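The block underneath contains the structure these notes are about, expressed in structure tokens.
None of these values were measured; they are calculated from a predicted model. Letters A, B, ... mirror the listed sequences (proteins, then strands); counts begin at 1.
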Amino acid sequence: MLSRVADSIFWMSRYIERADNVARFIDVNQKLTLGFQRTMNTQWEPLILTTGDNDLFKKLYGEKYTQENVVQFLTLDSRNPNSIISCLDAARENARCIRDNLSMAIWQALNKFYLMIHAYPRDSYTYANPQKLLDIVKDRSQLIEGAAELTLSHGEAYNISRLGRLIERADKTSRILDVKYYILLPRVQDVGGNLDIVQWAALLNSTSALQMYRRAHGRIEPKKVVSFLVLDRFFPRAMHYCLVHADIALRFLSGAPPYVFSNPAEQLLGRMKTNMDYISVDDIVNNGLHEYIDSFQCQLNELGVNIHDAFFGNTTRQSMHQSQSQYVV
Amino acid sequence: MFSDYPVPPCFDELLTREHESRFPTVSLALTNLGYQEIVDRQTVTDERLRDLGITFAVYGHQDGNEKVWPFDLLPRVVGHEEWQQIDQGLRQRIFALNLFVDDLYNEQKILNDGIIPRGMIETAATFRKECVGHRPPKGVWTHITGTDLIRHEDGQIYVLEDNLRCPSGVSYVLENREVMKRVLPEVFNGQSVAAIEDYPERLLDTLLATAPDNLESPVAVLLTPGIFNSAYFEHSFLAQQMGIELVQGPDLVVVDTYVYMKTIRGLRKVDVIYRRIDDTFLDPLAFREDSMIGVAGLMEAHRLGHVTLANAPGTGVADDKAIYAYVPEIIKYYTGEDPILQNVPTYICSDPAQRDHVLKNLENLVVKPTNEAGGYGIVLGPRATKAELDECREQIKADPRNYIAQPMLQLSTVPTMCPDGVEPRHVDLRPFVLLGGLDAADMYVLPGGLTRVALVKNSMVVNSSQGGGSKDTWVLG
């Protein structure tokens, strides 16, 4: 496969996953604030902080972190390069460059998704009631991943796409956890209250994890939720799962056997994965969840650079201009 | 369906002046379906094309530069016998033009014999000195051609242009057919329409047949200028259909006069390049230094026979509209036969007597620059303002070699779905010819081809960039 094509598939997948996760961000925030209007109605600012585009937001909207402004900024505002609509533009543009490498089902699903989002009314009603829009984004993203699963040969293109998806998803799951940190955990003693349980449940729900969590752990306990979203090996949005399967995809591409690495990307990913294989949730919480997530995200960034060097380094194209990460705190 | 159809004074492809159908089975099938039903299906069709992203890029458009190319559901039908004649005429013409290009870059017999003035070739901007002495594998220069045909009001088919460089449009032919089968199955059923679905296979055969010698399994790629090119959809479509890589200039590299593509597992050798980039952008070392979409060293690899370029660089010289005027002589010279397909009478402005005639009759003629494609720079005398004619006159005087003039031809019409009902709209036809060698069996003519239709009433400009659409073309068996 051409290096340039691999690069485009990688970023196409990352951008689709990113759009999906922005929808989940908003979703969790919406659910966290609903029902707690009196105390929580100013809680849209942390969402912007966690996505790392605060400077741009302030430039466009001033300091007005209202729901309408924040939702607009994150969904249909083309001026924000990480809004849902911008992610879809970028995903489709990448796909258009490599259309011949995709199955018709994937292209069509993505193109329809793009057209739907572009046709969506951009008005205050949408920003006050974003649920329908968010559902479209989540459904369509799943449709594309399903199309890839069923219509693309599970060879190079598939594995690159999967690598992009999983890295982006690991990053975003960690951020969704961080939203919780910003909104709800300013002080350690707040952990465990009644309100807290409801909020953890909302968090799980927004990652489609509530049912699976219940089956695995039953009652909601903050530590178990952290354990589930960080360390679970079987839940597809858990950070550990993402790393395990990213490692499989990466090794498919390089052809390296187990227990050795053939490039710095494999080395780093192997280390990150092994760390998660053997760390316990107590280790994480005792040393600080936020610190753990922060370091995880830094390593993911470095991994992105290493993957670029190992596989797309031949390209002179835009890859390096596509954002490796949106996170600056 | 067609009872109120206003048959125009020019030639209509479906109905005679007496309002009789030339292809009764087709018009009956359409009538059985009814106008309103076809309107509904046209809506479905437009949505489908949009969802599939079958688009072309329009340069200089602000609101997103991708447009869905309008597709009209009413097919353009060509009868069996007439098609046989077109098919034979195209084979004869392309065969002769390929020999002509080969001769020009080698022995130049046709110039030495005085059939074509040497000065005409030497002043052609498309004559590539870099190609002199070259002979590509199997002697094939013009692997893929798309000849533009029109039918005048006299009922006769004429060749308007030869398009020997990178003709586009075949992807729309294939997609149009797919859409037709999907949305108008009742009309399709029961007609014997010549199949076109094997074109990608034939194209791949043609490319591989002209690979450098002695290769067991040659590797072909399609070289595109990139996503912003107006024909990008087609490049991507054809690469996908043939299962070959779609590459851009920076994906290729020349090492020790061989061409390679950069893959995630290192370099991989490339033997045949179906290039959709103009000659002058191919190689910054040989042509334009500022080309960002070319590959340094590509021309040398080509000259050494280490890679096949399709079409070969240099074929544009036979596209020059002044040289077009000589094609009947060219056919005679290389085949000894009379041309089967007619040329449009053409005045060459570099010839003083012909130029005088053109300048005096400008308001009745169509003036064309000799080296432009896509309808750019054309002045339609009968429809131009006085100021436009004056400007045109000055341009001809300043650079006569760059202009030719032809009588204004009436394009034929085909019934077309219009907002107020079925109306006649002007069309042309671009059949595609593949040449994989110099034997008759190495040639393939796609039955039918691309019918472009001017959707604006009375307009004869069919170019996609200027309000044109397309139709499926049915060659009946």
- Query: From A:Phe312 CZ over to B:Lys262 NZ, what is the distance, rounded to the nearest 0.5 angstrom?
  - Reply: 15.0 Å
- Query: Hey, which of B:Glu245, B:Gln241, B:His235, B:Met261 has the most heavy atom pairs under 4.5 Å with chain A?
  - Reply: B:Glu245
- Query: Roughly how far, to the nearest 0.5 Å, is the CZ atom of B:Arg265 from the CD atom of A:Glu156?
  - Reply: 4.5 Å
- Task: Starting at CZ of B:Arg268, measure out to CE of A:Met1 and round the result to the nearest 0.5 Å.
- Result: 12.0 Å
- Item | Crowding at CZ, A:Arg122 (>12 non-hydrogen neighbours, <6.0 Å) | yes
- Rounded to the nearest 0.5 Å, the SG atom of A:Cys97 sits from the CD1 atom of B:Ile227 at a distance of 3.5 Å
- Message: Tell me if a side-chain donor or acceptor on A:Asn111 pairs with a main-chain N or O of B:Asp51 at a distance below 3.5 Å.
- Response: yes
- Message: Strictly distance-based, threshold 3.5 Å: is any side-chain N or O of B:Thr263 a donor or acceptor partner for the main-chain N or O of A:Ser3?
- Response: no
- Heavy atoms from other residues, nucleotides or ligands near CD of B:Glu197 exceed 12 (cutoff 6.0 Å): yes
- Item | Proximal component of B:Val253, with respect to chain A [non-hydrogen, under 4.5 Å] | neither
- Message: Does any part of the side chain of B:Asp251, heavy atoms only, come nearer than 4.5 Å to the side chain of A:Arg4, both counted from C-beta?
- Response: yes
- Contact summary for A:Phe311 and B:Ile264, nearest pair of heavy atoms: O-CG2, 3.5 Å
- Message: Which atoms of B:Leu222 are under 4.5 Å from chain A, going by heavy atoms: the side chain, the backbone, both sets, or neither?
- Response: neither
- Message: Within this structure, what is the CG-CG distance for the pair B:Leu246 and A:Leu2, rounded to the nearest 0.5 Å?
- Response: 8.5 Å
- Is it the backbone or the side chain of A:Ile98 that comes under 4.5 Å from a heavy atom of chain B, or both, or neither? backbone
- Message: Tell me whether A:Arg79 at atom CZ has more than 12 heavy atoms from other residues, nucleotides or ligands lying less than 6.0 Å away.
- Response: yes
- Item | More than 12 heavy atoms of other groups within 6.0 Å of B:Met292 CE | no
- Could you check if a side-chain atom of A:Lys112 sits within less than 4.5 angstrom of a side-chain atom of B:Arg50, using non-hydrogen atoms only? no
- Query: Checking heavy atoms, do the side chain of B:Phe237, its backbone, both or neither come under 4.5 Å from chain A?
  - Reply: neither
- Atom pair CZ/CZ of A:Arg96 and B:Phe233 - distance to nearest 0.5 Å: 11.0 Å
- Item | Over 12 foreign heavy atoms within 6.0 Å of CG, B:Asp256 | no
- Other residues, nucleotides, ligands: >12 heavy atoms within 6.0 Å of A:Tyr120 OH: yes
